[in-house]
Amino acid sequence: MFALFFRRNHPLIFQIAFTNPVKTSCLPKSFYLCIFFKKLPTMFSKLITHSWQMMRRSAFFEKSIFVKGFIAFVLFFVAMQLYGMGRALPMILNEHLPQYPPAKWVYGLLPVIFLSYLVVRLFFQKLPPRHVLPYLHLPISRGHLSGYRIFQSWLHPMNLYLLVFFYPFIQMTINPATSSQGLGVVGIFLLTGINQSILMLLRTPDKTARSAGILFGAALMILSAAYLWIPQQMLQYSLDVFLTFVHARPISFLIPVAIIAGLQGIVYLQSTKSFYKIYESEEPAEKTLTGTRVERFLAAVPVYGPYWLLEWRLLIRNRRTRQSLYFFLPAAIAYALVAAFMINEPGDSGLAIMFVIIAGGLGNMHLQHAYSWESHFFDFLSSRDFSMEQFIRAKYYFYLIIAALQLAVVSIILLPFNIHIIPLFAGTALFSAGLGFYLFLRAGVRHSSRMDLQGKASFNM
């Protein structure tokens with residue numbers, strides 16, 4: 001009866017599992033476990049095992065030992081930078097901002113920190129619906145796959161970065177004789193879990209669930225904006241909330257656990273309800289032929305219009321470059337606000353070097369992708385009757401305009417806070433967009449080999 005059931009409802013599985021003349025032992029055992037034993041613990045453990053196998057078969061493990069070693073070194077370097085920042089920040093704050101203790105500066109700004117971290121998550125953290133693609137045609141319940149998707153999202157490195165920073169900072173600022181440093185780390189993890197849950201709500205196709213995520217995100221924004229009107233009270237309130245963790249107050253742990261459980265419950269229900277819609281939302285959508293207002297505006301520009309339209313479409317058609325476009329402007333604004341309070345004199349340019357990286361970031365990262373794509377069609381481009389010089393000049397002007405818009409927005413924001421460092425930011429932006437973009441354009445048009453289309457941007461420099 002079991003075989004007849006599968007022959008009627010799942011003929012492909014029946015053919016593979018029961019009628020294939022090839023020895024069925026060649027099939028993975030997890031295949032039969034998924035079909036015959038639909039138990040959550042067994043199913044869940046097998047899905048996690050498949051995740052490890054998927055990672056082992058990824059392109060990363062097929063790269064050379066040097067590349068894998070270099071990537072491992074970069075990850076170790078980032079972790080050590082975060083750890084070192086956590087240990088050094090108390091001394092830096094004591095030296096430059098002695099009006100408050102370091103604990104009050106950091107723990108007193110937790111709403112701002114987690115709002116900024118949520119914004120970074122929106123641009124860089126992906127949820128893993130694609131991991132379940134091989135199981136969609138198998139008789140596995142959507143509830144199991146939804147739970148697997150939620151578990152996978154919690155394994156993202158974005159959930160660990162703050163812990164790497166806060167662990168040494170808590171060691172440096174919390175007295176173990178009177179408070180619990182370990183419970184402080186647990187408290188930060190719970191707040192990170194709320195942050196992760198809000199992100200998953202915002203990425204849910206269901207409008208009701210997404211509205212709940214927007215409400216929690218708006219609450220973080222309101223708490224962060226309150227620092228502009230009542231900074232002393234907000235610093236103290238946020239510090240008191242964190243101290244409830246290190247003082248082992250049960251209510252301080254029950255509330256975030258209840259919030260996480262409630263939000264993850266909503267995510268689970270909506271993921272199960274709209275599972276295929278979630279998967280389809282990750283599929284690339286066809287671009288409309290009518291074009292947006294921005295595209296119509298760019299196309300109407302004399303001389304350079306068609307080239308700028310091409311650059312804009314190259315910029316927004318790829319998820320990675322589109323995220324870079326939406327990241328570097330808010331990153332520059334956030335960094336300008338930080339620098340406005342930390343750079344007192346125009347000559348104090350220790351922090352200004354970071355703006356060089358931010359101001360030239362879009363050109364740095366995206367131009368490599370643009371040249372990779374264009375080198376793929378170089379034979380076609382070279383056979384067309386158009387001015388290559390005008391093509392390169394249009395590309396250069398396009399990114400100069402983006403850099404100028406970024407500098408203009410930053411300058412307007414700096415006006416009421418620290419007008420004296422505007423020339424410093426302008427100089428660093430001109431250096432980055434001028435010399436930096438020139439170097440990338442020069443390297444892009446005068447080389448004898450094409451860029452590796454399979455390589456990441458970091459390895460095409």
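I259 places a side-chain heavy atom less than 4.5 Å from the side chain of I255. Annotation: side chain of Q125 is not in contact with side chain of M200 (no heavy-atom distance under 4.5 Å). Side-chain contact between F242 and V106 is absent, with no heavy atoms from C-beta onward closer than 4.5 Å. Contact check for K395 versus Y307: no side-chain heavy atoms found under the 4.5 Å cut-off.
A distance-only check finds a donor-acceptor pair linking the side chain of Q181 to the backbone of I174 [under 3.5 Å]. Not one N or O on the side chain of W154 forms a donor-acceptor pair closer than 3.5 Å with the backbone of N159. Of the possible polar contacts, one joining the N94 side chain to the P90 backbone as a donor-acceptor pair under 3.5 Å is found. No side-chain donor-acceptor contact under 3.5 Å links H96 to the backbone of I92. When atom types are taken as modelled, the side chain of T428 and the backbone of L424 share a donor-acceptor pair closer than 3.5 angstrom. Side chain of S432 to main chain of A429: no donor-acceptor pair is present (N/O by atom type, distance under 3.5 Å, no hydrogens or angles). Between the S238 side chain and the M234 main chain, no donor and acceptor come within less than 3.5 Å of each other. Using a distance-only test at 3.5 Å, with no hydrogens or angles considered, a donor-acceptor pair links the side chain of H156 to the main chain of M158. At least one donor-acceptor pair closer than 3.5 Å links the side chain of W308 to the backbone N or O of A394. A distance-only check finds a donor-acceptor pair linking the side chain of T244 to the backbone of V241 [under 3.5 Å].
For F166 and Y83, the ring centers are positioned 6.0 Å apart or more.
Ring pair F253/F245 is perpendicular by interplanar angle, where above 60° counts as perpendicular and below 30° as parallel.
Summarising the geometry of L97 relative to W105, their closest heavy-atom pair is O-NE1, 3.1 Å, with the distance given to 0.1 Å. Considering every non-hydrogen atom in both L223 and P111, the closest pair reads CB-CB, 4.0 Å. Closest approach of P256 and I194 over heavy atoms only: CB-CD1, 3.8 Å. The minimum heavy-atom distance between A433 and A403, with the atom names listed, is CB-CB, 3.9 Å. For the pair L309 and A299, the tightest heavy-atom approach, listed with the atom from each and the gap, is CD2-CB, 4.0 Å. Contact detail for G86 and M172: the closest heavy-atom pair is O-CG, 4.4 Å.
The environment of CE in M221 is sparse: at most 12 heavy-atom neighbours from other residues, nucleotides or ligands sit within 6.0 Å. Counting non-hydrogen atoms of neighbouring residues, nucleotides and ligands closer than 6.0 angstrom, the OH atom of Y396 exceeds 12 such neighbours. For F123, the CZ atom sits in a packed shell: over 12 heavy atoms of surrounding residues, nucleotides or ligands are nearer than 6.0 Å.
Taking OG1 of T173 as the reference point, atom CD1 of I170 lies at 6.5 Å (rounded to 0.5 Å). Taking CG of L414 as the reference point, atom CG of L407 lies at 9.0 Å (rounded to 0.5 Å). Distance check: I198 CD1 to F216 CZ gives 6.5 Å after rounding to the nearest 0.5 Å. Separation of atoms CG (L110) and CG (L220) is listed at 10.5 Å; rounding is to 0.5 Å. The distance from atom CZ of R87 to atom CG of L82, rounded to the nearest 0.5 Å, is 14.5 Å. In this structure, OH in Y161 is found 10.5 Å from CZ in R121, a value given to the nearest 0.5 Å.
Every residue two or more places apart in sequence or in another chain was checked for a side-chain hydrogen bond (donor to acceptor under 3.5 Å, both in side chains) with T192, and none qualifies. With sequence neighbours excluded, no residue satisfies side-chain hydrogen bond (donor to acceptor under 3.5 Å, both in side chains) with Y304. In terms of the side-chain hydrogen bond (donor to acceptor under 3.5 Å, both in side chains) criterion, E95 has no residue partners (sequence neighbours excluded).
Applying side chain to side chain contact (heavy atoms under 4.5 Å, CB included) to L201 and the options I266, T208, L215, I214 leaves one that passes, I266.
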List the steps and the verdict of side-chain hydrogen bond (donor to acceptor under 3.5 Å, both in side chains) for E311 and Y399.
CA-CA 9 Å; E311 290 296 332; Y399 294 104; 2.9 Å; yes
Carefully, step by step, assess R210 and Q270 under the rule side-chain hydrogen bond (donor to acceptor under 3.5 Å, both in side chains).
CA-CA 10 Å; R210 194 162 58 243; Q270 296 302 327; over 6 Å; no
What's the verdict on side-chain contact (heavy atoms from CB on, under 4.5 Å) for N195 and L118, showing C-alpha distance, side-chain angles and the deciding distance?
CA-CA 6 Å; N195 206 260; L118 179 62; 3.7 Å; yes
Step by step, would you call Q264 with S197 a side-chain hydrogen bond (donor to acceptor under 3.5 Å, both in side chains)?
CA-CA 6 Å; Q264 292 294 325; S197 302; 2.8 Å; yes
Are Y100 and Q232 close enough, and set up right, to give a side-chain hydrogen bond (donor to acceptor under 3.5 Å, both in side chains), and what steps lead you there?
CA-CA 10 Å; Y100 295 119; Q232 303 290 340; 2.4 Å; yes
F169 vs Y107, ring pair (Phe, Tyr, Trp, His ring centres under 6.0 Å): CA-CA, chis, key distance, verdict:
CA-CA 10 Å; F169 189 84; Y107 306 134; 5.5 Å; yes
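Judged purely by distance below 3.5 Å, without hydrogens or angles, the side chains of Q152 and Y148 pair a donor atom with an acceptor atom.
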